[in-house]
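Inspection log for the structure reproduced underneath, given as C-alpha cells.
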Amino acid sequence: MNCSDLIIIGAGPGGYKAAVYAAKKGLKVTIFEDVNVGGTCLNVGCIPTKTYVHSKTFEEAVERQPQVVEALRSGVETLLSHPNITLVREKAKFIDACTIEASPSGEVWRGANIIIATGSSAKMLPIPGADGQNVGSSTELLGLKELPKRLCIIGAGVIGMEFASVFQKFGSEVTVVEYLKECLPMMDSDIAKRLRKLLEKRGITFYMGAGVKSLTPAPSPGRGETILFEQKGKEVSVKADYVLMATGRKANTEGLNLEAAGITLAPNGTIPVDEHFRTLNGQSSMVNGQCFAIGDVNGRQMLAHAAEMQGIHVVNQILGIEDKIRFDVMPAAIFTEPEAACVGPTEDQLKEQGVPFECHKSFYRANGKALAMNETEGMVKLCCEPEEGKLLSAHVFGAHAADIVQEVTAFITLGATLRQLRETVHIHPTLSEVLIEVN
Ligand code: NAI
C-alpha cells in the first residue's frame, strides 16, 4: 500500500496548484490525472479561448492554440515534478473514505487527507438532435479546423458570449439563442445590455426569451443544421453549419464511487461542502473526515481562480495555517471584445437584499488613454455604502475591464472606501483612471 499526506484527484488549476503549494510546505502529495494536466482551463477552456481572442484570424488561432497549450502544459508538468509529488496518470476511485484505487493498474493509495478536484464538463440539453455531428460544446468548437460559415450558439452565458464575440470577429455569421430576456444573468443588467447591443451592432443576431426545442441535422452536406426554438409563443427556426451548446456545466463525479467515502451528491449533482470545502454527507450535513472538494465539482463558484484559492485554503486547513482569503470577494470577467468584469453584488442584488448603497459611474470616452487607444466604448459602476463610502462592488465594461476590476478587488478585500480609492495616485495616462473619474 502507498501512503501520502495528501491525495488529490484531478490536476486542473485547483488540484495542481494545491499539490505544488502542499509539496512546498513539506507534505507528501499524490495527484491523479487520467487526461492532461492543467484541466479544462488550460487544455480546452480559458487558455485556448484567450488565444482565439488574441488571434487576428481563425487560421492563426488554430495554429497558435496547440503551441500555447503545450508550453503551459509542460510548465505544469515541471511544477509537478517536485520531489514531494507523485503524479499518477490513471483514473482514481474511492474504496473507502481514505483509500483510492488507481485504474487500470489496480494499485491502492492511502491518504491522510483527500481533495476531490475533478472539475466539470459541458451540460448538453436533453433535446432531439443534441448528439448530432455538427453540434458540440466549447471543447469540440475549439477543435474545428474549418471556420463554420454560420454558427448558432445556444445560451448567452459566459461561454456563449465569449465565443459569439470571437467567431464574429473571424467572419462567421453568428446567431445566439437565449432562454432568458438578457444575456449574462450574473452581470450588472445595464452592462449586459450594453454588451449585447454592441455585439448586435457588429452583426450578431440575438433571439432572447427563446427556448430551444430541437436540432435537426442537415439533409445533405452544406445545407445546415435546423435549430428550432420557441419565442413569444411562436415557433422560429434558424440554420447553421455548427451549433455550440453553451447551456451550463455539470460536476464531474462519475466513476469516483463517492458512496464508498460517505458522500451523497446535492440534487444539482455537485459535491456538498462546508465553508472550508470539507465534504458533507448530503443528507445529514455531517462532515466526512479529512475529505475536501474544491473547484467546479463543488459548484460554489465555477471559476479557475476560485478553484485555485479554495485549494490553497484547504492545504492551509490541513497544515493548521490560518488565512484570510475572502471567498465572498470573487472577481469574474468575460473575455469578449471589449471585456466585461465584476466583483461584488450588482445594483439589482443590493436592492433585493435591501442594502443601502450609492452608485458612481464614469465612462471610457472621457479617459485620455481610452481615446488614444480608440477604445471609447465602456463604463464603470462603483457601488459603495452611502455614509462611510465603503466599497461594495465594481462593474466594468470596456477594454481591459478585468484588470480594472482587479484593482477594486484589492480595495474591497481590504475594506477600503471610495475616498481611499480616489486618494490613491493613479498613473497618467492609464485606463485605471476611469476609477477615480467616477461622479
Ligand atoms: P451559464 O450558466 O453562464 O449560461 C448558460 C445560459 O444558457 C443561461 O443564460 C441559460 O439561460 C441558457 N440556456 C439554458 N437552456 C437553454 C435553452 N434550452 N435555450 C436557450 N438558452 C438556454 O453557462 P456557460 O456559459 O455554459 O458557462 C459554464 C460555466 O463556466 C459558468 O459557471 C461560467 O462562469 C464558467 N466560465 C467562466 C468563464 C470566465 O470566467 N471567463 C469562461 C467560461 C466559462
Side-chain angles (χ1 to χ4, degrees), residues 12-14 39-53 119-130 135-142 152-166 175-187 189 192-193 195-196 206-215 227-232 235-238 243-252 268-270 295-309 330-343 396 401-403 405-406 409:
T40 298
C41 170
L42 194 161
N43 295 289
V44 288
C46 329
I47 300 300
T49 318
K50 262 83 273 173
T51 311
Y52 274 50
V53 170
S120 66
S121 44
K123 199 159 54 182
M124 302 301 273
L125 287 178
I127 53 169
V135 182
S137 68
S138 52
T139 304
E140 286 81 39
L141 187 61
L142 286 167
C152 177
I153 301 176
I154 307 176
V158 185
I159 295 183
M161 294 300 277
E162 286 186 355
F163 280 93
S165 166
V166 79
T175 303
V176 182
V177 185
E178 164 60 47
Y179 188 69
L180 300 174
K181 283 207 192 92
E182 193 46 271
C183 65
L184 301 167
M186 25 59 87
M187 285 295 292
S189 51
K193 189 171 170 189
L195 176 59
R196 177 172 58 82
F206 284 88
Y207 289 94
M208 307 306 288
V212 177
K213 293 169 79 175
S214 69
L215 308 172
I227 300 95
L228 180 73
F229 54 90
E230 195 177 306
Q231 194 186 33
K232 292 183 187 150
E235 283 201 337
V236 186
S237 70
V238 293
V243 181
L244 165 66
M245 196 84 90
T247 50
R249 297 181 63 84
K250 60 175 193 307
N252 290 335
N268 66 0
T270 58
D296 286 10
V297 78
N298 70 26
R300 286 277 173 101
Q301 292 149 322
M302 285 194 163
L303 298 162
H305 47 277
E308 289 178 9
M309 297 309 283
M330 186 58 66
I334 295 126
F335 296 93
T336 43
E337 284 178 74
E339 294 173 3
C342 61
V343 60
V396 182
D403 301 289
V405 160
Q406 192 57 55
T409 305

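Start at 1 and go down the list; that is how both ligands and their atoms are numbered. Just so you know, these numbers come straight off a predicted model, no measurement behind them.
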Of the protein's non-hydrogen atoms, which lies at the shortest distance from [atom], and what is that distance?
{"atom": "atom 35 (C) of ligand 1", "value": "Met302 O, 3.4 Å"}
{"atom": "atom 43 (C) of ligand 1", "value": "Ile159 CG1, 3.4 Å"}
{"atom": "atom 1 (P) of ligand 1", "value": "Gly157 CA, 4.1 Å"}
{"atom": "atom 37 (C) of ligand 1", "value": "Val158 CG1, 3.7 Å"}
{"atom": "atom 18 (N) of ligand 1", "value": "Leu125 CD1, 3.3 Å"}
{"atom": "atom 19 (N) of ligand 1", "value": "Val212 N, 3.2 Å"}
{"atom": "atom 30 (O) of ligand 1", "value": "Arg249 CD, 3.7 Å"}
{"atom": "atom 14 (C) of ligand 1", "value": "Thr247 CG2, 3.6 Å"}

To the nearest 0.5 angstrom, please state how far the [atom1] atom of [X] sits from the [atom2] atom of [Y].
{"X": "Ile154", "Y": "Leu125", "atom1": "CD1", "atom2": "CG", "value": "6.0 Å"}
{"X": "Ile153", "Y": "Glu162", "atom1": "CD1", "atom2": "CD", "value": "10.5 Å"}
{"X": "Thr247", "Y": "Met124", "atom1": "OG1", "atom2": "CE", "value": "7.5 Å"}
{"X": "Leu141", "Y": "Met245", "atom1": "CG", "atom2": "CE", "value": "13.0 Å"}
{"X": "Met187", "Y": "Cys342", "atom1": "CE", "atom2": "SG", "value": "4.5 Å"}
{"X": "Phe335", "Y": "Thr49", "atom1": "CZ", "atom2": "OG1", "value": "10.0 Å"}

Heavy-atom contacts with [X] under 4.0 Å: which atoms of ligand 1 show up? List them by number with element.
{"X": "Val177", "value": "20 (C), 21 (N)"}
{"X": "Leu180", "value": "11 (O)"}
{"X": "Leu303", "value": "40 (O)"}

> So is there a nitrogen or oxygen of Ile334 less than 3.5 Å from a nitrogen or oxygen in ligand 1?
Replying inline: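 Checking ligand 1 against Ile334, no N or O pair falls under 3.5 Å apart.
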
>> Using a plain distance cutoff, I'd like to know if Lys50 has any nitrogen or oxygen under 3.5 Å from a nitrogen or oxygen of ligand 1.
In response: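 Between Lys50 and ligand 1, no N or O pair is found under 3.5 Å apart.
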
>> Can you give me the closest heavy-atom contact between Leu228 and Ser237, atom names plus distance?
In response: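 Shortest heavy-atom separation between Leu228 and Ser237 comes out as CD1-CB, 4.1 Å.
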
> So which heavy atom on Met161 is nearest to which on Thr336, and how close?
Replying inline: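 Shortest heavy-atom separation between Met161 and Thr336 comes out as O-CG2, 3.3 Å.
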
Of the side chain and backbone of [X], name the one, both, or neither that has a heavy atom under 4.0 Å from an atom of ligand 1.
{"X": "Lys123", "value": "neither"}
{"X": "Ile127", "value": "neither"}
{"X": "Ser120", "value": "neither"}
{"X": "Ala210", "value": "backbone"}

> Taking Ser120 as the fixed residue, which of Asp296, Thr40, Thr270 is the one that meets the side chain to side chain donor-acceptor pair (under 3.5 Å) rule?
Replying inline: Asp296

> Heavy-atom distance to atom 5 (C) of ligand 1: which of Ala246, Gly155, Ala332 wins?
Replying inline: Ala246

> So between Pro185, Gly160, Gly248, Cys46, whose heavy atom ends up nearest atom 26 (O) of ligand 1?
Replying inline: Gly248

> Between Ile334 and Met186, is a side chain to side chain contact (heavy atoms under 4.5 Å, CB included) present by the stated rule, with each step listed?
Replying inline: CA-CA 11 Å; Ile334 295 126; Met186 25 59 87; 4.3 Å; yes

> Among the heavy atoms of Cys183, does any lie under 4.0 Å from an atom of ligand 1?
Replying inline: no

> Going through the distances and angles, do Met208 and Lys181 end up as a side chain to side chain contact (heavy atoms under 4.5 Å, CB included)?
Replying inline: CA-CA 5 Å; Met208 307 306 288; Lys181 283 207 192 92; 5.6 Å; no

>> Are there over 12 heavy-atom neighbours, none belonging to Lys193, within less than 6.0 Å of that residue's NZ?
In response: no

